[in-house]
Amino acid sequence: MKTEKNRGSASKGKVRKKMETYIIKVLNFLTKKGEVYKAEPPLDLKEAFSKFAGGENQMKKDQLLRFMVEHQGENNISTMEDLDKIVEKFLQLRNSCSSTKTSSTRIVDVYRKQGLSLNDFIDFLILDDFNGPLKDKVHHDMNAPLSHYFMYTGHNSYLTGNQLTSESSDEPIIEALKQGVRVIELDLWPSKSSNNDGIKVVHGRTFTTPVPVSKCLQSIKDYAFHKSDYPVILTLEDHLTPKHQDKFAKMATEIFGEMLYCPETDCLTEFPSPESLKKRIIISTKPPKEYQQSDSIRKPMPNGSEPSEEESWGPELPDSVAKLKTEDRNSSDEDQEDINTSDNKSNQQGVRQYKHLIAIHGGKSKGSMKNRLKDDVKVRRLSLSEKKLKSASESHGADLIRFTQRNILRVFPKGERVKSTNFRPYIGWLYGVQMVAFNMQGHGKSLRLMQGMFRANGGCGYVKKPEFLIRTLPHEEVFDPKKPPSRKQILKVKVYKGDGWRLDFSPTHFDRFSPPDFYTKVSIVGVPADCAKNKTRVKTDTWYPVWDEEFEFKLRVPELALLRIEVKDKDKGKDDFAGQTCLPLSELRHGFRSVPLYDRKGKKYKSVTLLMRFKLETLN
């Protein structure tokens with residue numbers, strides 16, 4: 001009996017202890033919730049405020065204008081009227097988010113008479129609407145040939161998920177165009193279904209479901225220039241018969257109308273510029289031969305060539321998909337655009353109409369790599385898998401760069417990436433590859449790098465390549481990413497503070513009983529010699545971390561570098577994700593900047609931002 005009583009007492013004691021621990025944690029949580037702005041503002045911000053405010057407690061309008069021009073280098077704010085519009089909008093926006101509402105007119109009057117306090121000044125700097133890290137307008141020269149630009153490129157743009165069993169739809173195409181993607185890929189197959197207009201878009205020889213090509217083309221027309229006015233390029237994997245090619249030509253002409261760009265000659269010696277192709281849609285694939293052997297009786301592939309991206313999946317399966325063949329998919333190395341069928345002479349007029357629509361011709365993809373990369377009078381587009389490109393970069397790096405100075409190279413994911421993952425895009429960018437084709441429905445660090453690169457140039461989807469990738473150096477040399485020049489710049493990155501998590505996350509998202517323990521990771525991605533990582537200290541138990549830490553990065557090729565930023569919540573096990581962004585280093589605006597953060601998929605948070613400072617110094 002005593003033993004049972006002792007056990008009961010011990011059990012009650014454990015419960016009581018757990019309750020006491022729980023109550024203490026709750027009290028700590030409630031206490032810490034109120035600790036909002038106890039941390040001192042960073043010294044740099046106080047010194048800048050004091051300097052431009054003349055040592056006073058308020059910064060007047062003319063002093064704020066001088067700060068914006070001299071310290072921040074704002075060229076688009078030259079008059080007091082320009083500044084008033086920005087600050088008054090900021091004050092009204094901040095008031096609308098505040099729990100204690102004040103008349104907007106009264107707030108503006110106080111600003112006009114008294115100026116901004118130190119806290120007002122810091123709050124103003126941390127709003128990315130007015131003080132973001134990048135220019136929001138197109139500022140690159142857009143009059144060079146298309147081959148001089150990196151292009152925001154999608155792979156199998158119609159797939160909603162994985163490469164084997166997901167649905168085909170126009171929705172991923174719409175979403176990609178809204179994000180600024182400029183190159184959309186469609187796989188075209190004949191269809192017996194009356195619902196598919198006789199032509200279906202589908203990842204052939206898989207269990208993926210088809211979508212009518214007309215639906216895809218209509219959505220492309222409707223959303224092509226939602227984010228950017230610069231041209232949209234359709235890369236086609238063509239598995240059509242001459243009859244269906246004729247049908248596609250009529251359909252595309254009817255839907256796109258004057259948007260469709262059809263050059264006067266099919267022998268371009270130089271690509272037109274993005275500027276000259278604004279609001280135009282361009283079709284790119286290999287032109288069909290007027291008298292070509294039937295695809296069903298294909299000749300053996302010559303020595304040195306590889307199976308196509310689609311060929312590697314085996315014979316085509318009908319819409320009902322009977323059996324999936326995947327044994328050979330890993331050997332995928334070339335685009336199916338190399339194959340077109342045209343064995344019916346009565347359809348040659350239709351084939352010619354289809355050929356007329358093709359503005360960017362797919363080039364030969366057979367023979368040795370040296371032969372494939374040989375420059376010609378006519379410009380063309382060539383496609384390689386990531387595996388083939390990696391191999392070529394090791395043995396033909398200079399040839400790749402010379403080829404991409406005039407021609408267009410497209411690189412697509414290897415066949416093993418069934419889950420729609422992506423490769424590191426730098427494998428292409430370092431060698432001038434314009435179209436690094438990505439699965440936009442996939443997620444991960446590689447896609448974040450892609451999103452970061454194309455935040456450049458106002459997010460228009462075209463980024464001018466550095467001059468050393470466009471021009472041949474003296475003595476016929478070309479850029480070698482494995483042997484970059486000596487260090488020429490230093491990037492200084494200072495992480496001051498973070499804000500907005502309390503607005504975008506629930507109180508218990510990171511920890512049940514205490515505020516988060518945030519830290520920030522800062523890294524450079526680029527040529528191997530430039531890659532580096534750093535991170536701040538952990539700031540414990542606060543939703544409003546102030547780090548005030550600076551990092552230096554010595555750079556050899558800043559033109560191709562990206563700055564990766566990620567915030568995490570320190571935990572006993574795996575640290576929790578709290579936001580990320582990726583920024584093109586060459587586009588960073590100097591001074592104090594508000595850096596908005598994004599979720600894992602690249603969607604911008606409503607409120608989460610970091611206040612940072614960027615400074616790029618050139619070495620002698």
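The shown structure was predicted, so the numbers you read here are calculated from the model rather than taken from an experiment. Computed over heavy atoms, backbone and side chain alike; hydrogens, waters and symmetry mates excluded.
For the atom pair Asn407 CG and Leu400 CG, the distance stands at 11.5 Å (nearest 0.5 Å). Atoms OG and CG, from Ser168 and Leu186 in turn, are 10.0 Å apart once rounded to the nearest 0.5 Å. Here the NZ atom belonging to Lys568 is positioned 5.0 Å from the OH atom belonging to Tyr519, to the nearest 0.5 angstrom. Atom-to-atom distance recorded for Met369:CE and Lys374:NZ is 15.5 Å, nearest 0.5 angstrom. Interatomic distance, CG of Leu234 versus CD1 of Ile220, reported as 4.5 Å (0.5 Å rounding). Distance check, rounded to the nearest 0.5 Å: OG of Ser169 to CG of Leu159 gives 10.0 Å.
Ion pairing between Lys286 and Asp238 fails under the 4.0 Å rule for side-chain N and carboxylate O. Under the 4.0 Å criterion applied to side-chain N and carboxylate O atoms, Arg455 and Glu587 are not assigned as salt-bridge partners. Of the charged side-chain nitrogens involved, none lies within less than 4.0 Å of a carboxylate oxygen, so that Lys494 and Glu552 do not count as a salt-bridged pair. In this structure, Asp375 does not pair ionically with Arg402, as no charged nitrogen and carboxylate oxygen lie closer than 4.0 Å. Classification of Lys278 and Asp229 as a salt-bridged pair fails, no side-chain N sitting under 4.0 Å from a carboxylate O.
Looking only at atom types and distance, the side chain of Thr536 has no donor-acceptor partner in the side chain of Glu549 under 3.5 Å away. Side chains of Ser446 and Arg448: no donor on one and acceptor on the other come within 3.5 Å.
Within a 6.0 Å sphere centred on CD of Glu167, heavy atoms belonging to other residues, nucleotides or ligands number 12 at most.
In this structure, Trp189 and His239 have parallel ring planes: the angle between them is below the 30° cut-off, well short of the 60° mark.
Among all heavy-atom pairs drawn from Val525 and Arg564, the shortest one is CG2-CD, 3.8 Å. Pairing each heavy atom of Thr165 with each of Thr208, the nearest pair is N-CG2, 3.9 Å. Between Ser228 and Arg182, the closest heavy-atom pair is O-NH1, 3.3 Å. Taking each heavy atom of Gly602 and Tyr598 in turn, the nearest pair found is O-CD2, 3.3 Å.
Under the 3.5 Å distance criterion, the side-chain polar atoms of Asn439 are matched with a main-chain donor or acceptor of Thr421.
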I would like to know whether Tyr158 and Glu185 meet side-chain hydrogen bond (donor to acceptor under 3.5 Å, both in side chains); could you show each step before the answer?
-> CA-CA 8 Å; Tyr158 50 86; Glu185 183 186 24; over 6 Å; no
Evaluation steps, salt bridge (Lys or Arg N to Asp or Glu O under 4.0 Å), between Glu394 and Lys390 | CA-CA 7 Å; Glu394 294 169 356; Lys390 189 174 186 302; 3.2 Å; yes
Go through the steps to decide whether Ser284 and Arg381 satisfy the test side-chain hydrogen bond (donor to acceptor under 3.5 Å, both in side chains), and finish with yes or no.
-> CA-CA 8 Å; Ser284 176; Arg381 174 176 69 83; 2.7 Å; yes
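Taking the centre of each ring, Tyr462 and Tyr152 stay at or above the 6.0 Å mark.
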